[in-house]
Amino acid sequence: MTTLTEHPITRRWPAADPQRLQLYSYPTPNGVKISIALEEMGLPYEVHTVSIRGDQHTPEFLSLNPNNKIPAIIDPQGPGGQLITLWESGAILLYLADKTGTLIPADTPGRAQTLQWLMFQMGGLGPMFGQYGYFTKFAGKDVADPRPRQHFIDESRRLLGVLEQQLEHQPFIAGEQYTIADIAIFPWLRAVRDVYGAGEDFRMPEFEHTMSYLERCLQRPAVQRGMKVPDIG
């Protein structure tokens, strides 16, 4: 397909402006990564609320993301002016950084460091924090065996220790520059502390540099706007 209006997803989520980048999301730690990035970059976009209580399994959404996860985007003004669709938050962040030339260092070493920490979140921090949330706040809390939950507590604390060491002498995760690696990481720190209630289990106040870093990121105006997208009331 060559135009947005030809995409099956528009049957359920029609675009008000087919020339704008379309974001299909929900305000989860992964979802707000993209709205925060778009707000930081100043890219015009249109948001569509995809409820994780069922919308992600509809045929229309599966036509965009067969892995039935938010977020996903359609950029009608992709490379060469051609429409591009993307899912997986890390891939979207990297695409947007390259599209705008922002939030990622231009030099090869700096770019590599940023991608390293982006993968750290995608492969470690997010899955561990998410599983802790499952076993503490959601369905897993009914599992009698304490070992799975304790495993995710222990591994999450280890990962927090890695962050703490990295942030001891620099303001952001890849150095002096705020990047897509930060946008990947700090929403999960906020979620595990404020939504999953892990402050005591993880002994989060002990990670002083990491907690200061989280507050530094949360104070950014674009972050405050992006955290509310989509607005679900």
Do Y95 and I84 have side chains that get closer than 4.5 Å, going by heavy atoms? yes
Ring centroid separation for F202 and Y196, is it under 6.0 angstrom? no
For G31 and I70, work out which heavy atoms get closest and say how close. CA-CD1, 3.9 Å
Taking everything shown except K99 itself, do over 12 heavy atoms lie less than 6.0 Å from its NZ? yes
Given side chains that start at C-beta, do those of I92 and P71 come closer than 4.5 Å, heavy atoms only? yes
Please name the pair of heavy atoms, one in L118 and one in G90, separated by the smallest distance, quoted to 0.1 Å. CD2-O, 3.9 Å
If you apply the rule side chain to side chain donor-acceptor pair (under 3.5 Å), what do you find for Y24 with N65, and how did you get there? CA-CA 10 Å; Y24 305 85; N65 183 0; over 6 Å; no
4.5 Å side-chain heavy-atom contact, T179 and I104: no
Return yes when atom NE2 of H169 has more than 12 non-hydrogen atoms of other residues, nucleotides or ligands closer than 6.0 Å, and no otherwise. no
Quick one: OG1 on T210 to CD on Q165, what's the gap to the nearest 0.5 Å? 10.5 Å
Checking Q77 against Q19: is there a side-chain donor and acceptor pair closer than 3.5 Å? yes
Passes side chain to side chain donor-acceptor pair (under 3.5 Å), S212 versus E215? Steps please. CA-CA 5 Å; S212 295; E215 295 305 324; over 6 Å; no
Minimum heavy-atom distance P187-P29, with the two atoms named: CB-O, 3.7 Å
Taking atom CD as the centre, does Q224 end up with more than 12 heavy-atom neighbours from other residues, nucleotides or ligands that are less than 6.0 angstrom away? yes
Shortest non-hydrogen contact from G199 toward P205: O-CD, 3.9 Å
Quick check: do H209 and Q166 have side-chain heavy atoms less than 4.5 Å from each other? no
Considering all heavy atoms, the nearest A91-L86 contact: O-CD1, 4.3 Å
Please determine whether side chain to side chain contact (heavy atoms under 4.5 Å, CB included) holds for the pair T85 and I73, giving the CA-CA distance in whole Å, both sets of side-chain angles, and the decisive distance to 0.1 Å. CA-CA 6 Å; T85 68; I73 66 166; over 6 Å; no
Value rounded to 0.5 Å, distance of SG in C217 from CG in D182: 5.0 Å
Ignoring hydrogens and geometry beyond distance, is a side-chain donor-acceptor pair present between E40 and Y178 at under 3.5 Å? yes
Side-chain touch T136/F152, heavy atoms, less than 4.5 angstrom: no
Is it the case that S63 and E60 place a side-chain donor and acceptor less than 3.5 Å from each other? no
So how far is it from Q121 CD to F129 CZ, rounded to the nearest 0.5 Å? 9.5 Å
Less than 4.0 Å between a side-chain N and a carboxylate O, is that true for E39 and K33? no
Counting C-beta onward and ignoring hydrogens, is there a side-chain heavy-atom pair between D231 and T49 closer than 4.5 Å? no
Go through the steps to decide whether F186 and R216 satisfy the test side chain to side chain contact (heavy atoms under 4.5 Å, CB included), and finish with yes or no. CA-CA 10 Å; F186 78 77; R216 189 158 53 250; over 6 Å; no
Is there a path of hydrophobic side-chain contacts, each under 4.5 Å between heavy atoms, that joins L62 and W87? no
Is any side-chain heavy atom of R12 less than 4.5 Å from a side-chain heavy atom of F61? no
Rounded to the nearest 0.5 Å, the CG atom of L189 sits from the CG atom of L163 at a distance of 6.0 Å
When you look at F135 and I153, which way does the side chain to side chain contact (heavy atoms under 4.5 Å, CB included) test go after all the steps? CA-CA 10 Å; F135 278 97; I153 290 173; over 6 Å; no
Does the salt bridge (charged side-chain N to carboxylate O under 4.0 Å, His left out) test come out yes or no for E208 and R203, once each step is laid out? CA-CA 11 Å; E208 296 180 6; R203 304 201 297 276; over 6 Å; no
Working to the nearest 0.5 angstrom, can you tell me the gap between D98 CG and I180 CD1? 7.5 Å
Hey, is the main chain of W13 close enough, under 3.5 Å, to the side chain of T10 for a donor-acceptor pair? no
In Å and rounded to the nearest 0.5 Å, what is the CD to CD distance from Q22 to E46? 4.0 Å
Side-chain donor/acceptor of Q170 to backbone N/O of I173, under 3.5 Å: yes
Identify the two heavy atoms, one from P105 and one from Q177, that lie closest to each other, and give their separation to 0.1 Å. CG-OE1, 3.7 Å
If you define the side chain from C-beta out and look only at heavy atoms, does anything of L21 sit under 4.5 Å from L96? yes
Quick one: do Q56 and K69 satisfy side chain to side chain contact (heavy atoms under 4.5 Å, CB included)? Show the steps, please. CA-CA 6 Å; Q56 78 275 29; K69 304 290 184 183; over 6 Å; no
